Amino acid sequence: MNQIELTLPDSSVRSVASGTTGLEIAKSIAEGLARRALAVKLNDKILDLNRPLEESGTFTIITPSNDPDALFVLRHSCAHVLAEAVCELFPGTKLAYGPPIEKGFYYDLMTPTPLVLDDLAKIEKRMKEIIKEDRPFTRLDFNEKEGLERVQDDKYKSDNAKRALMREDSTGILSFYVTGEQNENWEDLCAGPHIPSTGKIKAFKLLSLAGAYWHGDQASDQLTRIYGTCFADKEGLEAHLKFIEEAEKRDHRKIGKELELYHIEDHSPGMVFWHPKGTIMVNALKQYIREKINRLGYDEVITPEIVDKSLWVKSGHADKYNENMFKTMASDREMAVKPMNCPCHIEIFNQGLKSWRDLPLRMAEFGKCHRYEPAGTMHGLMRVRGFVQDDGHIFCTEEQIASEVSDFCQLVKEIYAEFGFNQILVKFSTRPEKRVGSDDLWDKAEHALEEATKLAKLEYELNPGEGAFYGPKLEFVLKDSLGRDWQCGTIQVDFNMPQRLGAEYVGKDNQKHIPVMLHRAAVGSIERFLGILIEEFMGDFPLWMSPVQARLLPISEKFADYAKEIQDLLIQTGIRAEIDDSNEKLGYKIRQCELQKVPFLLVVGEKEVTEGKVSVRQRKEGDKGTMTVAEFIEMTAEARKIIR
RNA sequence: GCCAAAGUAGCUCAGCUGGUAGAGCAGCUGAUUUGUAAUCAGCUGGUCGUAGGUUCGAUUCCUAUCUUUGGCUCCA
């Protein structure tokens, strides 16, 4: 019999007969280890404990822990237990797909009657019984024919089986897992791996119900998705639940209300009413971006928000983006509210004759766009129907694409880093099904963008079919407090729209040429980016964007006049200062400031009036002592600068 | 748009199986003149998302509709 060599985590090498199981090896190391073991990992592949090992490589025995590998197996098995419980409680249930995910697992299934939230408790109860019964996960292997027969009456499972067989690494074997004894207990088509027995599941919780489409296809069956999570121990589960609780405290919708930044109401779903304090933040962020890009040779423009249909027909929006546009009539003229700024920017480009010497021409606009997003997709500031993009379009030659893209990536990195985001997910989205332009142009555009990423030394993950209708794009993704992805920055290479809208420049050869257009936004939408920032900072914004930078707290009404004097002084200096002259005690006023997350509190009473000073209390830092107003202004000068 | 849930005072929420609504905070008034996270007292405030229906009677039950939440799909 062949020998295989297994390299253990301590670098020792074991030579065992091919076909030895992970369990046997665990036993040979220690009985206790064998008892605790959940699965093994051989060369990045996780296997059941009792699968025969047939190749040499690095080898780890996976024991209960809250490490990814252990959680992967536990959650996968937990999803099985969930499925079994649902099948029992709701006979006639069809199972579709139940994978482990980053923070737990889910199972998509079709029940004969709709599940409601209250059912989760029932399901959990049955799951606990199954876990208590501690039934072994038993793997059954069948050849293609037998396997397919086993699932032939099940639409989803036979589909899964066929796709499993089509996979590159398919061995032609279809595996099933029984929780218990074959023909006696419940079984499910599954590639595995699983834990040895249900009893190994120590901590799980079902979290929510959701709808999901089979294969994510809207036209396909509507399934019910049950989300749950599972950890190696109660502590891990509780820590996770605690994390969710903490994340909810950071929710920008909650903080946005508490800090009176904005509201959204029924009259205009998905559109933001920015309150005075929120408006300060919007303007601060705009000014920050404005100063950044002014230095990079952008020219700011302002274009109409309502534009005649004919332009949208020419640009392709009327065809490819129609259902996302708000339409409006002006007398008998059909107009649309702009969903993007690009056509308007081309109209500006088209005024006057452009020379190759004008390129690259960088045009920027804080353009307010409206998109009719489907009901049910809106989410606070993150996903809205009306938003301001920090938009920009770079008209350039093909040769200039790479350096322009690279420069832009640099800008994005710089901006994100200044807000504390250092690890940014970048996605490269290629041609979608619904698009304009020839495949040749798309080849060219995708190739150019790829070259540019090389120049920018950018790592990305591929996002096939998700590009804009006019060109491929890079997406810069940030996460909210719950770890959900939001696309913020983007840059898109467009060979189509300039041509469609007749953009031209005169080249060195005295001939007319069509420029390439790069659509780009560094933060994406001001709304979304602020939403991310609110959650990131939990309301404790950098001083320069804080709605209120300082609040004056007179100890009693007697010192209100002095406080007013100081406030005037601060406002003259450009510091956003409020005064709390309410008839309350200092402790109460301070509490209000803490809840409102005011960065600096300036306490004034008898002592301060006499000395002509203020007592400064900085949020999170505490008492900074007394100082003159000039000293306070000096102390905060650097942090108040929008650009450093 | 789809699945599930929710909508009660400015905010956060209570209101069991139908008998026209309560609390805390906020607000207002008064007392207090206050020193680093809540001073006390009194008062105001709701056609219970909207429109229908069942009923002697609906915040409560039914239907429709709008909005919101968690996901799916889609997207900045």
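Keep in mind the model is a prediction, meaning the values are calculated, not measured. Proteins come first, then strands; the chains are lettered A, B, ... in the order of their sequence lines, and each starts at number 1.
Comparing the C1' positions of B/rA76 and B/rC3 gives an interatomic distance of 26 Å, to the nearest angstrom.
Classification of the A/His252-A/His379 ring pair by plane angle, with boundaries at 30° and 60°, yields tilted. By the 30° and 60° cut-offs, the orientation of the rings of A/His519 relative to A/Tyr470 is parallel.
At a cut-off of 3.5 angstrom, counting only N and O atoms as typed in the model, there is a donor on one side and an acceptor on the other between the side-chain of A/Glu608 and the base of B/rG35.
Residues A/Phe387 and A/Phe529 fail the side-chain proximity criterion, which asks for heavy atoms closer than 4.5 Å.
Salt bridge A/Glu258/A/Lys597: absent, no basic N to carboxylate O contact under 4.0 Å. Between A/Arg617 and A/Asp623 there is no salt bridge, since no side-chain nitrogen of the basic residue lies less than 4.0 Å from a carboxylate oxygen of the acidic one. Salt-bridge annotation for A/Lys607 and A/Glu611: absent, with no side-chain N of the basic residue lying under 4.0 Å from a carboxylate O of the acidic one.
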Under a 3.5 Å cutoff on both atom distances, Watson-Crick or G-U, what's the dot-bracket for RNA chain B ([ ] crossing, | other strand)?
(((((((..((((.....[..)))).(((((.......))))).....(((((..]....))))))))))))....
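The side-chain tip of A/Arg75 does not point at the ring of A/Phe105 from less than 6.0 angstrom away and within 45° of straight on.
Using a 4.0 Å heavy-atom criterion, one finds that A/Glu258 contacts no nucleic acid atom at all. Looking at heavy-atom distances under 4.0 Å, A/Gly587 makes contact with sugar-phosphate atoms alone, never a base.
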Under 4.0 Å protein heavy-atom contacts per nucleotide of nucleotides 69-76 of chain B, with B for base, S for backbone only and - for none
SBBBBBBB
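A heavy atom closer than 4.0 Å to some atom of RNA chain B occurs in A/Ile590, A/Arg591, A/Glu594, these being the qualifying members of residues 590-598 of chain A.
Considering only the side chain of A/Asp266, B/rU67 comes nearest among B/rU67, B/rA37, B/rA4. Among the nucleotides B/rA4, B/rU39, B/rG35, the one closest to the side chain of A/Val116 is B/rA4.
OP1 or OP2 of B/rG10 has not a single side-chain nitrogen or oxygen of A/Lys257 nearer than 4.0 Å.
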